[in-house]
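The structure under discussion appears below in the form of structure tokens.
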Amino acid sequence: MKIYNSKTRQKEEFIPINNGVVNIYSCGPTVYNYFHIGNARPFIVFDVLRRYLEKLGYKVNFVQNFTDIDDKMIKRANEEGISVKELGDRFINEYFIDADALGIMRATKHPRATEHIGDMIKLIVKLINNGAAYQSGNDVYFSVKDFPNYGCLCGQNLDDLESGARIDIDSNKRNPLDFVLWKGHKEGEPGWNSPWGMGRPGWHLECSAMAIKYLGETIDIHCGGKDLLFPHHENETAQSEAATGKPFVHYWMHNGFININNEKMSKSSGNFFTIRDLSKKYDLEVIRMFMLLSHYRSPLNYSPELIDQASSSLNRLYNSISQLNILIDNSTSFDSEMDNNFKTVVEKLKDSFKDSMDDDLNTADAIAAMFDFAKYVFSVKENTISRNTLIYAKETMYDLADVLGILRKREESIPDQIQDLLDKRQEARLNKDFKLSDKLRNEIESLGFTIEDTKLGQKVKRK
RNA sequence: GGCGCCAUAGCCAAGUGGUAAGGCGAAGGUCUGCAAAAUCUUUAUUCCCCAGUUCAAAUCUGGGUGGCGCCUCCA
């Protein structure tokens, strides 16, 4: 599999450090609010990365943190009149509700920053001992000048970064680019004891500490939004490598941004949507489909029209499954030549899907392969393909869909009560008693199901 | 000022040297008691513009134009 590595700015063949195992760290949410559609993109696309690597047979250790202590957390907790801990607890719960609805798998570990303060302090001590960090007042800073590789990830040298740096009149710093590892305690903020007195950790530090703790000093893949490349990931690298003396990350992956009606999402102009809000209007599987219909590194525009397009596209895939079901249900004979052709097409689907995914997670292309197969399914005539082959085809489609986390609504059982009404309606239709059949349809619909009359009978779906 | 990305039909979007995938929409057809749905066919002589390299360019090179991101918290 090839992965575009942000560090080298090219696609590289992915080779894990340990055979058969992949360690991934993905930057998680700051849990001060519901997460929005922009936050959702990395969660979804890197969930697909994880699913695909597992599909390839790797054991994947996927760590995604919760940032539950920072300025935004403190501000929001104060506004709500609750503790930072309570705020974190609440929005971690809310995170899982939305993530589950989006089909995002639970990470193998979801560490919370506040539960790893000790690990962070140890890391700072190491950095100070290595001469990479210094105490200034009640704060501790990382000294970028003492880390020769600073700027390596983002592709800029120190001078350029300094000249571009916006005003930072923090007299505690030796260099404007130095960043805080430990913040001295302020009134009204939570604090922890440390060798430098009460205080709290800097944001960049937590990811380094937790990544090293759970995945080791060198990890395979680290991912996150494009905007985190600098300074967050640059700083993480600097801290980690200065502390361990080892390369921190082999492959860096960054997803592109989501714009709202072609404008950058910003809270001030109010053009952002939380997943929770969208869940009231859309099936979140559609949102997931929407994200996967384009490449994860491309910028992606959100608009209701595009969601509708994604919805229709997803529907076509569902229809192909329904069509397979109809063919399976009515299969009594087959033609061996056509059956073989069909098998070949299924294999071709698997190959194309894999080729696309191997090419830096080209989900758009992978889905196109599924559409191609869908088209083929619709062209199949009854009783030309064997039942087993059809079932294999359906399982293959579900298998691939599982990698993407779509087509999650699988066959559901129809309650007996509904089945009775359906039988009665079918009878009425055969007797051409359309008054009764329409009445029964209304009744069934009022119970939360929709009916479509097809050649082969009534198709029922839960609304 | 520094670093980087992008430009393909009405909309979205793959394709990075071999003659334009796919989806949505639209138009027309099929199916149909009604309704709804579904499905089929058609829908870019051409890939922002100009030059160059090549037997061959959407793809490579140079130069324009237009849009965007990062350099500050940010997915």
Side-chain angles (χ1 to χ4, degrees), chain A residues 6 9 11 26-30 35-46 67 70-72 151 154-157 159-168 176-177 179 203-204 223-232 234 254-259 262-267 272 289-290 293-301 303 305-320 322-323 326 352 356 359 362-375 377-379 428-430 432-435 437-438 441-442 445 450-455 458-459 461:
Chain A
S6 308
R9 290 178 195 158
K11 283 183 196 171
S26 185
C27 286
T30 301
F35 66 88
H36 58 65
I37 186 163
N39 300 309
R41 170 118 97 150
F43 302 156
I44 290 169
V45 299
F46 298 126
T67 297
D70 82 331
D71 292 347
K72 294 190 296 272
C154 67
Q156 304 228 61
N157 61 46
D159 290 342
D160 289 338
L161 282 168
E162 275 178 34
S163 68
R166 292 172 214 182
I167 307 106
D168 191 346
L177 289 172
F179 54 93
W203 173 49
H204 308 299
C223 35
K226 208 171 195 172
D227 55 329
L228 296 182
L229 211 151
F230 190 90
H232 186 233
E234 187 74 54
H254 296 275
N255 64 276
F257 260 47
I258 289 185
N259 297 321
N262 293 311
E263 280 173 30
K264 186 178 171 173
M265 247 191 275
S266 83
K267 298 203 171 170
F272 77 101
M289 181 73 173
F290 163 70
L293 242 15
S294 59
H295 189 90
Y296 76 91
R297 281 189 285 116
S298 310
L300 181 55
N301 193 233
S303 75
E305 291 73 26
L306 295 176
I307 300 301
D308 288 343
Q309 289 190 10
S311 176
S312 302
S313 301
L314 217 212
N315 200 242
R316 184 167 168 85
L317 254 24
Y318 270 113
N319 286 335
S320 71
S322 301
Q323 181 66 14
I326 289 172
S352 318
S356 301
D359 183 17
N362 193 335
T363 53
D365 228 21
I367 293 172
M370 295 175 81
F371 281 124
D372 285 338
F373 183 69
K375 196 176 189 73
V377 167
F378 290 124
S379 74
R429 292 181 70 223
L430 289 172
K432 302 210 183 290
D433 183 352
F434 298 121
K435 239 184 189 165
S437 100
D438 286 352
R441 175 165 58 200
N442 286 338
E445 301 219 326
T450 56
I451 299 182
E452 287 167 23
D453 293 327
T454 72
K455 226 189 220 171
Q458 306 172 98
K459 205 167 103 191
K461 262 194 229 164

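Proteins come first, then strands; the chains are lettered A, B, ... in the order of their sequence lines, and each starts at number 1. All heavy atoms count here, side chains included; hydrogens, waters and symmetry mates do not.
- Across all strands shown, A/Ile37 has no heavy atoms under 4.0 Å from either base or sugar-phosphate atoms.
- Between A/Glu445 and A/Thr450 the shortest heavy-atom distance is OE2-CA, 3.8 Å.
- Along RNA chain B, the nucleotide closest to A/Gln156 and the one closest to A/Ser313 are compared, and the more 5′ of them pairs with A/Gln156.
- A 4.5 Å side-chain heavy-atom check between A/Gln323 and A/Ile326 finds at least one atom pair inside the cut-off.
- Distances from the side chain of A/Leu161 to the nucleotides B/C71, B/U41, B/A21 place B/C71 closest.
- Here B/C34 presents its P atom at 11 Å from CG of A/Asp453, a figure rounded to the nearest Å.
- Following rounding to the nearest Å, A/His204 (NE2) and B/C73 (C1') show an atom-to-atom distance of 9 Å.
- Straight-line distance between the C1' atoms of B/A20 and B/G29: roughly 27 Å, to the nearest whole Å.
- At a cut-off of 3.5 angstrom, counting only N and O atoms as typed in the model, there is a donor on one side and an acceptor on the other between the side-chain of A/Ser437 and the base of B/G33.
- Whole-Å rounding puts the A/Met265 CE to B/A75 P distance at 10 Å.
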Kindly give the atom pairs (protein nitrogen or oxygen, nucleotide nitrogen or oxygen) under 3.5 Å for nucleotides 14-17 of chain B.
from, atom 1, to, atom 2, distance (Å)
B/A14, OP1, A/His295, N, 3.0
B/A14, O3', A/Asn362, ND2, 2.9
B/A14, O2', A/Asp365, OD1, 2.3
B/A14, O2', A/Asp365, OD2, 3.1
B/G15, OP1, A/Asn362, ND2, 2.9

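- Interface remark: the A/Asp438 side chain does form a donor-acceptor pair with the B/G33 base, using a distance-only criterion of under 3.5 Å.
- Atom C1' of B/A26 sits at a distance of 35 Å from the matching atom of B/G69, rounded to the whole Å.
- Residues A/Met289 and A/Gln309 fail the side-chain proximity criterion, which asks for heavy atoms closer than 4.5 Å.
- Distance, A/Asp160 CG to B/C3 C1': 8 Å, rounded to whole Å.
- Side-chain atoms of A/Phe257 lie closest to B/A75 of the nucleotides B/C24, B/A75, B/A21.
- Taking OG of A/Ser298 as the reference point, atom CD1 of A/Ile258 lies at 11.5 Å (rounded to 0.5 Å).
- Backbone-only contact: A/Asp372 has heavy atoms under 4.0 Å from sugar-phosphate atoms and none from a base.
- Between B/G62 and B/U53, the distance separating the two C1' atoms is 11 Å to the nearest Å.
- In this structure, A/Phe434 reaches the bases: a heavy-atom distance under 4.0 Å links it to at least one base atom across the strands shown.
- Heavy atoms of A/Gly224 sit under 4.0 angstrom from primed sugar atoms or phosphate atoms, though from no base atom.
- In this entry the distance linking CG of A/Asn259 with P of B/A75 reads 15 Å, nearest Å.
- Using modelled atom types, one side-chain atom of A/Asn362 and one backbone atom of A/Asp365 make a donor-acceptor pair closer than 3.5 Å.
- The nucleotide whose nearest atom lies closest to any side-chain atom of A/Lys226 is, among B/A75, B/U39, B/C5, B/C5.
- Taking atom CG on A/Asp227 and atom P on B/C71, their separation rounds to 8 Å, with Å as the unit.
- Between B/G2, B/A35, B/U39, one nucleotide has an atom nearer to the side chain of A/Asn319 than all others, and that is B/U39.
- The closest side-chain heavy-atom distance from A/Asp359 to A/Lys11 is below 4.5 Å.
- Among the atoms of the strands shown, base atoms are found under 4.0 Å from some heavy atom of A/Arg441.
- Backbone-only contact: A/Asn315 has heavy atoms under 4.0 Å from sugar-phosphate atoms and none from a base.
- Taking atom C1' in both B/C47 and B/A14, the straight-line distance is 13 Å, to the nearest Å.
- Both key distances under 3.5 Å define a Watson-Crick or G-U pair, and stretches of 3 or more such consecutive pairs in RNA chain B run B:1-7 with B:65-71, B:10-12 with B:22-24, B:25-30 with B:38-43, B:48-52 with B:60-64.
- Counting non-hydrogen atoms under 4.0 angstrom, A/Cys154 reaches the backbone sugars and phosphates but no base.
- Only the C1' atoms considered, B/U46 is 16 Å distant from B/A56, to the nearest whole Å.
- Taking 4.5 Å as the limit, some side-chain heavy atom of A/Phe290 sits within range of a side-chain heavy atom of A/Leu306.
- Between A/Phe378 atom CZ and B/U39 atom C1' there is a gap of 7 Å when expressed in whole angstrom units.
- Both thresholds, 5.5 Å between centres and 30° between ring planes, are not jointly met by A/Phe371 relative to the base of B/G22, so the two rings are not stacked.
- One atom, CG of A/Leu300, and another, P of B/G69, lie 15 Å apart when rounded to the nearest Å.
- Nearest heavy atoms, A/Phe46 versus A/Gly224: CE1-N, 3.6 Å.
- Distance noted for atom P between B/G4 and B/U61: 15 Å (whole Å).
- Contact between A/Cys154 and A/Glu234 at its shortest, heavy atoms only, is N-OE1, 2.8 Å.
- Residue A/Lys226 comes nearest to A/His254 through the heavy atom pair CA-CB, 3.8 Å, listed as atom of the first residue, atom of the second, then distance.
- Of the charged side-chain nitrogens involved, at least one lies within less than 4.0 Å of a carboxylate oxygen, so that A/Asp438 and A/Arg441 count as a salt-bridged pair.
- Phosphate contact (OP1/OP2 of B/C40, side-chain N/O of A/Arg316, threshold under 4.0 Å): present.
- Positionally, the nearest nucleotide of RNA chain B for A/Asp308 lies more toward the 5' end than for the other of A/Ile451 and A/Asp308.
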Short N/O separations, protein against nucleotides 9-11 of chain B, under 3.5 angstrom:
from, atom 1, to, atom 2, distance (Å)
B/C11, O2', A/Gln309, NE2, 3.4
B/C11, O2, A/Gln309, OE1, 3.3
B/C11, O2, A/Gln309, NE2, 3.0

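- Remark: the separation of the P atoms in B/C55 and B/U65 is 32 Å, to the nearest Å.
- Nearest nucleotide to the side chain of A/Glu452, out of B/C70, B/C71, B/A37: B/A37.
- A heavy-atom distance below 4.5 Å is found between the side chains of A/Cys27 and A/Leu228.
- Residue A/Arg429 is in base contact, counting any heavy-atom pair closer than 4.0 Å across all strands shown.
- Counting heavy atoms from C-beta on, the side chains of A/Asp453 and A/Arg429 come closer than 4.5 Å.
- B/C50 and B/A9: their C1' atoms are spaced 23 Å apart (whole Å).
- Taking side-chain N and O atoms only, A/Lys375 has a distance below 4.0 Å to OP1 or OP2 of B/U41.
- Under the 4.5 Å side-chain criterion, counting only non-hydrogen atoms from C-beta, A/Phe371 is in contact with A/Leu317.
- A donor-acceptor pair is defined here as one N or O able to donate and one able to accept, closer than 3.5 Å; no such pair exists between the side chain of A/Ser311 and the backbone of A/Ile307.
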